[in-house]
Amino acid sequence: MDTKDLLKKVRKIEIKTRRLSDHIFSGEYHTSFKGRGMTFSEVRQYQYGDDIRAIDWNVTARYNEAHVKVFEEERELTMMLMVDISGSESFGSKNQFKKDIVTEIAATMAFSATQNNDKIGLILFSDEIELYIPPKKGRSHVLRIIRELIEFQPKSRKTDIAQALKFLSGTQKKKAIVFVISDFMSEDYEQTLKIASKKHDITGIRVYDIREEKMPDLGMVSMLDAETGAIELINTGSKAVRMNYEKQYHDKVNYFKETFSKSGSGVVNTRVDESYVTKLLSYFKSR
């Protein structure tokens, strides 16, 4: 994609998602994810009218002059967007790819955070950390995040959510609002999610396509595995093959729902042909 096309696409996504975040999401986001209360800021000399309950007696004794502790509201939050860019995200039908919806959701959340003067960071992951953008504020920072979501090419096509959560825990020392956006066709992340959710407020947003749920009966078909790149000849006419596929798919979906719920994390499911706006608003209001 050349620079002109990229900028056009970024602008298009900005116009759509900014309108959503300005008029719909920012208020709900602010209500759902409040600041952490009052935090210690500094010690300064006592001034006439200060509350005597705020006097820091240790500092006062040291300098032989009254000093008070100053507190300020800690409204500012950090939002981390963790976005799955593995091969399966390129799946799509009905003129809509999962990757496109994932980009729109991430952009909408980023602009909602910006409206509240919060920092936004990005982790793009496959079965490795493909890109990390540390949290910052501002429109130009959000536009950079959107650019990366549109054009970044992953080195790997596989998925490892546990690896991404480990990276989150290692890089974000303070509590963050975390949105993991993926189709969650991965397993074995229960323990890492449990650890990460003790510190962070985590929500899993599963983006999926209805055509992934069932394998159609098309006879012998050459199929490409989006995550391994391997082409296999599959007998889709076999009922056992179709049932096995469906079982594996639903096992992963159920694992996602149960694992996130057990860890106290939020769960959102949105199909590519549904309104993610409705799903997210409903989730925010239920918090």
Side-chain angles (χ1 to χ4, degrees), residues 33 77-91 98-110 113 119-136 141-142 144-208 225-229 251-270:
F33 304 102
L77 297 170
T78 295
M79 176 193 284
M80 286 304 302
L81 296 168
M82 296 179 62
V83 180
D84 178 359
I85 55 168
S86 62
S88 62
E89 294 306 317
S90 298
F91 184 89
K98 283 192 285 185
K99 186 178 187 290
D100 298 334
I101 299 299
V102 165
T103 299
E104 282 189 23
I105 291 172
T108 304
M109 301 314 299
K119 294 177 183 174
I120 306 105
L122 178 70
I123 297 170
L124 297 182
F125 69 93
S126 53
D127 61 342
E128 56 185 89
I129 303 305
E130 298 277 356
L131 178 71
Y132 170 57
I133 299 178
K136 267 177 72 177
H141 180 67
V142 172
R144 184 198 165 189
I145 285 173
I146 296 171
R147 278 200 308 274
E148 296 294 359
L149 286 164
I150 292 169
E151 70 167 357
F152 191 89
Q153 296 299 314
K155 297 186 203 81
S156 174
R157 300 177 67 84
K158 297 176 183 176
T159 314
D160 188 340
I161 290 167
Q163 190 69 22
L165 289 166
K166 267 184 203 166
F167 183 81
L168 171 77
S169 295
T171 52
Q172 301 306 310
K173 300 304 178 189
K174 284 186 175 180
K175 182 180 178 179
I177 306 300
V178 180
F179 292 97
V180 187
I181 312 173
S182 171
D183 56 11
F184 291 94
M185 290 293 107
S186 177
E187 291 172 308
D188 302 324
Y189 52 83
E190 184 176 359
Q191 196 54 36
T192 44
L193 178 62
K194 200 172 168 184
I195 293 164
S197 62
K198 281 179 182 171
K199 186 192 289 183
H200 304 295
D201 187 336
I202 302 178
T203 300
I205 302 176
R206 185 174 78 94
V207 178
Y208 67 102
D225 187 318
E227 299 223 342
T228 65
D251 282 352
K252 283 175 181 166
V253 172
N254 291 333
Y255 179 78
F256 156 67
K257 290 176 183 173
E258 287 166 17
T259 303
F260 268 72
S261 297
K262 266 198 288 186
S263 73
S265 301
V267 170
V268 179
N269 291 281
T270 183

Closest approach of [X] and [Y], non-hydrogen atoms and distance?
X	Y	result
A176	M80	CB-CG, 4.2 Å
S197	K194	OG-O, 3.1 Å
H141	P134	CE1-O, 3.5 Å
V267	T203	N-CG2, 4.5 Å
I85	P154	O-CG, 3.2 Å

Suppose we screen for side chain to side chain contact (heavy atoms under 4.5 Å, CB included). Which residues come up paired with [X], at least two apart in sequence or across chains?
X	result
R144	I133, R147, E148
S186	T159, I161, Y189
K119	E76, T78, P135, K137

Quick note, side chain to side chain donor-acceptor pair (under 3.5 Å) partners involving residues 257-266, not counting sequence neighbours, are E190-K262, S263-S265
Gap between atom [atom2] of [Y] and atom [atom1] of [X] - 0.5 Å precision:
X	Y	atom1	atom2	answer
L193	D188	CG	CG	13.0 Å
I145	K136	CD1	NZ	10.0 Å
E130	I123	CD	CD1	12.5 Å
F179	M109	CZ	CE	3.5 Å
T103	L81	OG1	CG	11.0 Å
I146	E104	CD1	CD	10.0 Å

Are [X] and [Y] packed together at the side-chain level, in the sense that at least one heavy-atom pair is separated by less than 4.5 angstrom?
X	Y	answer
M82	S182	no
M185	V253	yes
I105	T270	yes

Show the numbers, then the answer: is there a side-chain contact (heavy atoms from CB on, under 4.5 Å) between L149 and L124?
CA-CA 8 Å; L149 286 164; L124 297 182; 3.8 Å; yes
Please, which pairs that meet ring pair (Phe, Tyr, Trp, His ring centres under 6.0 Å) have at least one residue in residues 151-176, sequence neighbours excluded?
Y132-F167
Can you tell me if K175 uses its side chain to pair, donor with acceptor, with the backbone of Q172 under 3.5 Å?
no
Could you pull out all residues at least two apart from F256 that satisfy ring-ring contact (aromatic ring centres under 6.0 Å, His included)?
F184, F260
Please determine whether side-chain contact (heavy atoms from CB on, under 4.5 Å) holds for the pair F125 and D84, giving the CA-CA distance in whole Å, both sets of side-chain angles, and the decisive distance to 0.1 Å.
CA-CA 5 Å; F125 69 93; D84 178 359; 3.7 Å; yes
Using the salt bridge (charged side-chain N to carboxylate O under 4.0 Å, His left out) rule, pick out the option among K99, K252, K98 that qualifies with D183.
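The salt bridge (charged side-chain N to carboxylate O under 4.0 Å, His left out) with D183 is passed solely by K98 among K99, K252, K98.
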Given side-chain contact (heavy atoms from CB on, under 4.5 Å), test S126 with Q163 step by step and report yes or no.
CA-CA 9 Å; S126 53; Q163 190 69 22; over 6 Å; no
